[in-house]
Every structure is written in C-alpha cells, then in structure tokens.
Amino acid sequence: MRSVMAVLALSYMWGGSVQAGPTHSATEVAYVSDVSGHVVALVQGRPTLLDALDVVADQTRIDLQANSELRLCHSRTHQVFNLKGPLTGMIEQGGVTIENGKRAVASIGSCTGPTASIVPGGFVARGVPARR
C-alpha cells in the first residue's frame, strides 16, 4: 500500500514536468530491450551491469560474458541488434561494432526510441500508438 502511495505522490509531483516527444539526449543512442546473463557496460570509466530499459550512450563499450545475450534497440538507426556472448563491442551513433572491427548485423524488424507520456501521471509504453 505504501508503494502505491509513493508512486501516486511522485506522479503528482512530476506530472507537470513531463513533456511529449523523444526522451533521449544527444549522446543517448540505444536502449536495452532484453538481457540475459551478465552484460557489462563501461559507463564513465565504471563497469555497470546492463538491465532491461537501460539507456546506452554513444561510445559505450559492452562486454557480454559467455552464455549472455543482449537485445538492443538502436534509437538512431531504428534497428534491433541481438548479440550473444562471449563478445566485446562498442555502441556508436552509426550502429554496433564488435571486437574484430566489423559492424554487427541488425536483426529483422525495426524499433523506435521511447517517448514520454503526454498525460500527467501516465506511463511510458513502447510500440503502442498514442491516443489523442
């Protein structure tokens, strides 16, 4: 019950500050759709475990350990990348480069970046058309 009250209070406080449109900054180029196993990103010189819905910045180095998988939506190219470990790569504005310098091949299908809700207290949904 307390968690519901906390969410409602935060929604009320932040309700007026949410704006419609893309929510990524100039350096954010992708977000994690799904991850299994251990996928480490080097963020500002510190290793960080990636999880679903994490945002990934340009020039982020990723390390997929053995038996790990990463599904990534590249917001700039609107492509989906499925990566399987062990693998080391770099996420850049133009796509994903793997350790041997080759470009990773995108999966079939496309994706879009997340957008903010236009309704105060609303929630963010991907792949759902907005109702007006």
Side-chain angles (χ1 to χ4, degrees):
M1 181 69 163
R2 287 184 185 181
S3 62
V4 171
M5 291 172 54
V7 169
L8 290 174
L10 290 173
S11 295
Y12 178 75
M13 288 174 18
W14 291 326
S17 65
V18 176
Q19 297 181 13
T23 59
H24 56 83
S25 72
T27 62
E28 295 172 350
V29 295
Y31 70 89
V32 177
S33 297
D34 191 27
V35 64
S36 66
H38 292 280
V39 179
V40 179
L42 196 60
V43 179
Q44 297 178 352
R46 285 188 251 174
T48 304
L49 281 175
L50 287 180
D51 201 1
L53 302 180
D54 282 345
V55 177
V56 182
D58 185 32
Q59 300 295 314
T60 297
R61 180 180 171 203
I62 55 169
D63 292 309
L64 282 78
Q65 296 178 359
N67 301 318
S68 296
E69 293 185 31
L70 174 67
R71 184 177 174 105
L72 172 58
C73 172
H74 197 283
S75 303
R76 302 287 170 99
T77 63
H78 303 288
Q79 295 176 318
V80 177
F81 291 91
N82 288 321
L83 305 171
K84 294 183 181 185
L87 172 86
T88 299
M90 181 76 68
I91 299 175
E92 304 167 313
Q93 287 189 16
V96 179
T97 305
I98 51 179
E99 61 192 355
N100 58 9
K102 294 183 180 178
R103 284 275 187 207
V105 177
S107 301
I108 296 175
S110 63
C111 63
T112 59
T115 57
S117 171
I118 58 174
V119 179
F123 63 95
V124 175
R126 291 187 173 88
V128 178
R131 294 172 67 187
R132 303 246 176 208

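Below, all heavy atoms of this structure are taken into account, side chains as well, without hydrogens, waters or symmetry copies.
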TODO: Ignoring hydrogens and angles, tell me if any N or O in the side chain of Thr60 forms a donor-acceptor pair with the backbone of Ile91 under 3.5 Å.
DONE: no
- [ ] Without swapping roles, check the side chain of Arg76 against the backbone of Glu28 for a donor-acceptor pair under 3.5 Å.
- [x] yes
TODO: Step by step, work out the side chain to side chain contact (heavy atoms under 4.5 Å, CB included) result for Leu70 and Leu87.
DONE: CA-CA 10 Å; Leu70 174 67; Leu87 172 86; over 6 Å; no
Just verifying a value: how many Å separate [X] [atom1] and [Y] [atom2], rounded to the nearest 0.5 Å?
| X | Y | atom1 | atom2 | value |
| --- | --- | --- | --- | --- |
| Ser68 | Leu83 | OG | CG | 11.0 Å |
| Gln79 | Cys111 | CD | SG | 8.0 Å |
| Glu99 | Ile62 | CD | CD1 | 10.5 Å |
| Asp34 | Leu50 | CG | CG | 12.0 Å |

Minimal non-hydrogen separation, [X] against [Y], with atom names:
| X | Y | result |
| --- | --- | --- |
| Val32 | Leu72 | N-CD1, 4.3 Å |
| Gln93 | His74 | O-CE1, 3.0 Å |
| Ala52 | Ser33 | CB-O, 3.9 Å |
| Pro47 | Val40 | CB-CG1, 3.7 Å |
| Glu92 | Thr97 | OE1-OG1, 2.9 Å |
| Asp54 | Leu49 | OD2-O, 3.9 Å |

Open item on the list: I'd like to check the side-chain contact (heavy atoms from CB on, under 4.5 Å) partners of Asn82; sequence neighbours left out, ordered by chain and number.
Closed with: Arg71, Val80, Ser107
- [ ] Answer with yes or no whether the side chains of Thr88 and Asp63 bring together a donor and an acceptor at under 3.5 Å.
- [x]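 Yes, a side-chain donor-acceptor pair sits under 3.5 Å.
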- [ ] Decide whether Met90 and Val35 are clustered together by the hydrophobic rule: side chain heavy atoms of Ile, Leu, Val, Met, Phe, Trp, Tyr closer than 4.5 Å, transitively.
- [x]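 Hydrophobic grouping puts Met90 apart from Val35.
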